[in-house]
Amino acid sequence: MKHRHWRGGDLAELISEIAQTDGDYATPVPELMLYRRSAATDPMPCIYGMGLGMTVRGEKRVTLGSDIHDFMPGQTLVTSVDLPVVTYVTRASPDEPYLGLWLQLDARVIGQVAASMDFLAPAPGGSSLGLTVATPDAGLRRALIQLLRLLREPALVPLVGPLVQQEIAVRLLTGEHGPTLRRLVMAGSPSQQIAKVIAWLKQHFTKNFPMDDLATQAHMSPSTFRQHFREVAGMSPLQYLKQLRLQDARQLMLNEDIDAGSAAMRVGYESASQFSREYTRLFGAPPLRDIRRLQES
């Protein structure tokens, strides 16, 4: 498949029915979001939860730590754990807008489907990174088209939507994204242990605790834990914790209209100056200027 010349076919048409102007669109399928952009965008730090993304038209770049992933037309991206990424549309125009979708995946559904299928363990030596980019096979594309067509019949969504999403889970587990997802749900695997720690961090990131406590939770030595954490999350546990805190502080300032000092304390920072320095490094501007810029845009 020549990605740059992939036109998107039915998928592009179905997304365009709903996303007629630039924006992010919720759909009657609660887990499904659609996106349209008519110009390249600025880098935007955000958290990708466990999910499946697809670029249907245009191009997008996703950076995770020092890894850069170019996300071409017709390609899918899967994240198997919550990951702090920087994402931006790199190719889009009014005539050829960026069109994309995001389908949130349910770890329990993935685990149940995987348990009912006979899998060999993922081959040793493959990447453990919780993010993969691949070209979907025809079966996965058909299932995504079926899910989008279902949006034309909202009354059927509660009945048929879960069945189509289960088919998507099966096709992901048996396709190129399968090894990443299977590592996550394999009982006792290092990836599963790291995923549990990441889920705990998402709930407790505002607290202060020794980082070695996380290694104890994962039943690993501190050095082994740091190695496995970096392999899955693309960054160290401390970098991950900082990104969770900074992203949350940004949302607090934006949604609750509180000052930077208060936001810093709420998310676990003890030093306002350290918060401001690290915030500026991640978002490219000090807190006050960054929030003003977001409000104006």
Side-chain angles (χ1 to χ4, degrees), residues 1-49 51-64 67-79 83-104 131-136 138 140-154 157 168 247 250-251 254-255 282-285 289-297:
M1 181 189 296
K2 294 181 178 177
H3 299 299
R4 191 173 281 277
H5 301 295
W6 193 74
R7 300 288 301 168
D10 288 349
L11 280 166
E13 186 181 315
L14 288 161
I15 291 173
S16 296
E17 278 182 22
I18 293 171
Q20 296 184 12
T21 58
D22 283 6
D24 303 352
Y25 292 81
T27 72
V29 175
E31 300 81 7
L32 180 66
M33 292 283 295
L34 306 178
Y35 303 93
R36 181 187 181 110
R37 300 287 186 274
S38 57
T41 62
D42 292 332
M44 172 62 76
C46 61
I47 304 282
Y48 271 4
L52 161 69
M54 185 172 192
T55 288
V56 176
R57 278 203 190 146
E59 290 171 25
K60 194 174 197 178
R61 175 167 285 185
V62 177
T63 63
L64 173 63
D67 293 324
I68 296 171
H69 302 270
D70 285 316
F71 192 18
M72 310 297 278
Q75 287 191 310
T76 48
L77 172 149
V78 163
T79 46
L83 295 174
V85 297
V86 177
T87 175
Y88 49 108
V89 172
T90 52
R91 186 170 69 88
S93 68
D95 292 336
E96 283 279 324
Y98 172 85
L99 298 174
L101 63 83
W102 179 262
L103 180 65
Q104 183 182 326
L131 183 156
T132 50
V133 175
T135 299
L140 180 56
R141 285 200 303 275
R142 277 197 303 273
L144 288 168
I145 288 169
Q146 191 180 352
L147 189 63
L148 285 166
R149 282 189 177 140
L150 190 58
L151 301 178
R152 294 170 172 169
E153 302 176 272
V157 165
I168 289 168
Q247 301 256 12
R250 192 188 209 197
Q251 288 305 312
L254 202 54
N255 298 334
L282 180 61
F283 296 112
R289 199 189 319 156
D290 176 58
I291 296 303
R292 211 176 274 149
R293 179 179 63 187
L294 285 173
Q295 288 168 338
E296 288 169 358
S297 65

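Just so you know, these numbers come straight off a predicted model, no measurement behind them. Quick note: numbers below take in every heavy atom, side chains included, and nothing from hydrogens, waters or symmetry partners.
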Item to check | Test side-chain contact (heavy atoms from CB on, under 4.5 Å) applied to Ile291 and Gln295, step by step | outcome: CA-CA 6 Å; Ile291 296 303; Gln295 288 168 338; 3.7 Å; yes

Checklist entry - Taking it one step at a time, do Leu64 and Tyr48 satisfy side-chain contact (heavy atoms from CB on, under 4.5 Å)? => result CA-CA 10 Å; Leu64 173 63; Tyr48 271 4; over 6 Å; no

Next on the checklist: Determine whether Arg250 and Leu294 satisfy the following criterion, side-chain contact (heavy atoms from CB on, under 4.5 Å), listing intermediate values before the conclusion.
Outcome noted: CA-CA 10 Å; Arg250 192 188 209 197; Leu294 285 173; 3.4 Å; yes

Next on the checklist: Determine whether Leu14 and Leu151 satisfy the following criterion, side-chain contact (heavy atoms from CB on, under 4.5 Å), listing intermediate values before the conclusion.
Outcome noted: CA-CA 9 Å; Leu14 288 161; Leu151 301 178; over 6 Å; no

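Taking each heavy atom of Cys46 and Gln247 in turn, the nearest pair found is N-NE2, 3.2 Å. For Tyr25 against Gln20, the heavy-atom pair with the smallest separation is OH-N, 3.9 Å. Taking every heavy atom of both residues into account, Gly74 and Pro136 meet most closely at O-CD, 2.9 Å. Among all heavy-atom pairs drawn from Val89 and Ala39, the shortest one is CG1-O, 4.2 Å. Residues Arg57 and Pro97 approach most closely at CB-O, 3.5 Å, considering heavy atoms. Taking all atoms of both residues into account, the shortest heavy-atom contact from Leu34 to Leu148 is CD2-CD2, 3.7 Å.
Atoms CG and CD, from Asp70 and Glu59 in turn, are 7.5 Å apart once rounded to the nearest 0.5 Å. From Leu101, atom CG reaches atom CD1 of Ile15 across 5.0 Å, with rounding to the nearest 0.5 Å. Distance check, rounded to the nearest 0.5 Å: CE of Met54 to CG of Leu99 gives 11.0 Å. Residue Leu147 holds its CG atom at 5.0 Å from CD1 of Ile168, rounded to the nearest 0.5 Å. To the nearest 0.5 Å, the span separating CG on Leu52 from CG on Leu140 amounts to 6.0 Å. Rounding to the nearest 0.5 Å places OG1 of Thr55 at 9.5 Å from CE of Met72.
Panel note: side chain Arg61, backbone Ile68; no donor-acceptor pair is recorded below 3.5 Å. A side-chain donor-acceptor contact under 3.5 Å links Thr79 to the backbone of Gly49. Thr76 places a side-chain N or O within donor-acceptor distance of the main-chain N or O of Ala134, the cut-off being under 3.5 Å.
Here Phe71 pairs with nothing under the ring-ring contact (aromatic ring centres under 6.0 Å, His included) rule; sequence neighbours left out. Residues that satisfy the ring-ring contact (aromatic ring centres under 6.0 Å, His included) test with Phe283, not counting sequence neighbours, are Tyr279. Applying the salt bridge (Lys or Arg N to Asp or Glu O under 4.0 Å) criterion to Arg289, with sequence neighbours excluded, gives no partner residue. Qualifying side-chain contact (heavy atoms from CB on, under 4.5 Å) partners for Ala26, counting only residues two or more places apart in sequence or in other chains: Met33. For Arg149, the salt bridge (Lys or Arg N to Asp or Glu O under 4.0 Å) criterion is met by Asp10, not counting sequence neighbours.
Applying the salt bridge (Lys or Arg N to Asp or Glu O under 4.0 Å) test to every pair with at least one member in residues 19-38, sequence neighbours left out, gives these pairs: Asp24-Arg37.
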